[in-house]
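Nothing here was measured: the structure is a model prediction, and the numbers come from that model. Hydrogens, waters and symmetry mates play no part in the numbers below; they use all other heavy atoms, side chains included. Note that ligands are numbered from 1 as they come in the structure, with each ligand's atoms numbered from 1 the same way.
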Amino acid sequence: MKKIEIYEVGPRDGFQNVADYIPLETKKKIVEGLLDSGIRHMQITSFVSPKAIPQMKDARELTGYFVDKFPDADFLALVPNLRGAQGAWEAGLKSVSYVVSLGESHNQANIRRTHQESYDELLKIREAYPDLDICLDLATTFGCPFEGKKGAGDVVPFIKPYREAGIKTVNLCDTIGVANPAQVRSIIEAVRTEYPDLELQVHIHDTRNMGMVNTLAAIELGIVKVQSTLGGLGGCPFAPGASGNLATEDLAFMLAEMGYETGVDTPKIVELAKYQAEAIPAGQFSGHLFKIQARD
Ligand code: COA
Ligand code: ZN
């Protein structure tokens with residue numbers, strides 16, 4: 001049976017989009033529920049400026065609690081700079097997602113840096129924390145809200161210096177949900193041809209109802225690590241019109257039906273998505289399954 005590793009990113013990408021602060025106890029319940037449902041890989045928070053994203057002000061506390069309690073789970077956090085990497089490392093994380101946008105104008109809007117500045121910052125992180133495992137989270141891989149569509153010709157050369165800096169994993173993020181399966185295939189194939197040893201992941205937003213088909217296109221090309229958020233909660237506060245990611249429980253359901261092994265208990269995670277929708281009434285959820293079951 002083919003194994004797919006689901007990377008849950010709701011506690012970062014989902015929560016960051018909720019304007020009102022979600023109490024730490026609620027966050028803990030959701031993270032615990034995810035672990036209990038069989039999730040083993042999770043972007044648990046981000047170490048970012050609390051002025052930029054006030055929701056993430058408890059990053060250290062939340063991370064510290066789970067790193068100590070669940071030493072076997074694979075937790076990572078999103079970081080935009082050296083300060084963030086330091087926060088993640090000191091909280092006990094061994095892995096981070098270093099976020100850079102392929103669209104330079106989105107990079108400026110999101111993290112106030114040029115491409116060169118983001119690259120130079122990565123070198124500083126590598127130097128300061130040589131044992132920190134760094135995945136490049138390449139935001140707006142398939143299209144930028146300010147610059148329009150992106151293609152293999154943009155993605156392939158962009159990755160080159162990051163490879164040279166020792167990056168071994170790149171997460172191709174459809175931040176604003178504009179990808180289509182043909183584009184997913186052409187970008188993955190081009191990146192693979194150029195960098196056969198590079199590990200790829202995908203992170204697809206469901207803005208245009210294409211989260212599932214695009215993620216499946218990647219899986220059918222052999223990608224085994226895919227990202228999603230519980231309930232489809234999510235978005236990007238610096239990408240106008242962005243909506244939630246593909247919902248984890250919908251993805252887990254489809255993969256199980258197709259005979260893939262994910263380790264996720266679908267009924268349990270559907271219940272958790274229902275709980276989350278009640279606990280975060282202001283949240284926007286693109287998930288389907290938990291809404292159907294709520295009417296049963
Ligand atoms: N963690 C906590 N605080 C941080 C930080 C981090 N990683 N990086 C910077 N800060 C603090 C600084 O100490 C400074 O605080 P002060 O005003 O009290 O002195 C303040 O944030 C501004 O720092 P500066 O270096 O001038 O950053 P900036 O204003 O140019 O903003 C980022 C750059 C990257 C820090 C900010 O834009 C950010 O955190 N963006 C994250 C966006 C995000 O998460 N988007 C969604 C995910 S894709
Ligand atoms: Zn995202």
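- With distances taken over non-hydrogen atoms, the option nearest atom 10 (N) of ligand 1 out of Arg60, Arg83, Gln55 is Arg83.
- Contacts between Val48 and ligand 1 below 4.0 angstrom, taking non-hydrogen atoms only, involve backbone and side chain alike.
- Under the 3.5 Å distance criterion, with hydrogens and angles disregarded, no donor-acceptor pair is assigned to the side chains of Gln43 and Asp13.
- Distance check for His205 against the Zn ion (ligand 2): an N/O/S atom falls below 2.8 Å.
- Residue Arg113 has no N or O atom closer than 3.5 Å to an N or O atom of ligand 1.
- In the model, Asp58 has a side-chain atom that pairs as donor or acceptor with a side-chain atom of Tyr21 under 3.5 Å.
- Taking only non-hydrogen atoms, the option from Arg112, Glu117, Gln108, Lys57 nearest to atom 30 (O) of ligand 1 is Arg112.
- Nearest to the Zn ion (ligand 2), among the N, O or S atoms that Asp13 has, is OD2.
- At a heavy-atom distance under 4.0 Å, atoms from both the backbone and the side chain of Ser49 approach ligand 1.
- Looking only at atom types and distance, the side chain of Gln16 has a donor-acceptor partner in the side chain of Arg12 under 3.5 Å away.
- Evaluation of the salt bridge (Lys or Arg N to Asp or Glu O under 4.0 Å) test over residues 131-151, restricted to residues two or more places apart or in two chains, returns Glu147-Lys150.
- The shortest N or O to N or O distance between Arg12 and ligand 1 is not below 3.5 Å.
- Backbone and side-chain nitrogen or oxygen atoms of Pro50 are examined, and none is located within less than 3.5 angstrom of a nitrogen or oxygen of ligand 1.
- Counting only non-hydrogen atoms, the option in Ile111, Asp137, Leu78 that gets closest to atom 33 (C) of ligand 1 is Ile111.
- Phe66 does not carry Lys28 over the face of its six-membered ring by the limits of under 6.0 Å from the centre and within 45° of the normal.
- For Glu199, the CD atom sits in a packed shell: over 12 heavy atoms of surrounding residues, nucleotides or ligands are nearer than 6.0 Å.
- Close contacts between ligand 1 and Pro80 involve ligand atoms 34 (C) [criterion: under 4.0 Å to a heavy atom].
- Counting heavy atoms under 4.0 Å from ligand 1, residue Val79 does not touch it at all.
- Within the listing of ligand 1, atoms 7 (N) sit less than 4.0 angstrom from a heavy atom of Gly84.
- Ligand 1 has a nitrogen or oxygen under 3.5 angstrom from a nitrogen or oxygen of Phe47.
- Counting only N and O atoms by type, the side chains of Gln108 and Glu104 include no donor and acceptor under 3.5 Å apart.
- Comparing heavy-atom distances from atom 40 (N) of ligand 1 across Asp13, Asn110, Val99, Asn81 singles out Asn110 as nearest.
- Inter-residue side-chain proximity for Val191 and Ile187 is flagged as met; some heavy-atom pair is nearer than 4.5 Å.
- Between Tyr129 and Trp89, the ring-plane angle classifies as tilted under the 30° and 60° cut-offs.
- Close approach of ligand 1 to Gln16 is summarised as follows: ligand atoms under 4.0 Å from at least one heavy atom of the residue are 46 (C), 47 (C).
- Residue Ser46 has no nitrogen or oxygen atom sitting less than 3.5 Å from a nitrogen or oxygen atom of ligand 1, judged on distance alone.
- Checking Thr114 against Asn107 by side-chain atom types alone, no donor-acceptor pair falls below 3.5 Å.
- Sequence neighbours left out, the pairs with a member in residues 157-182 that pass salt bridge (Lys or Arg N to Asp or Glu O under 4.0 Å) are Lys160-Glu164.
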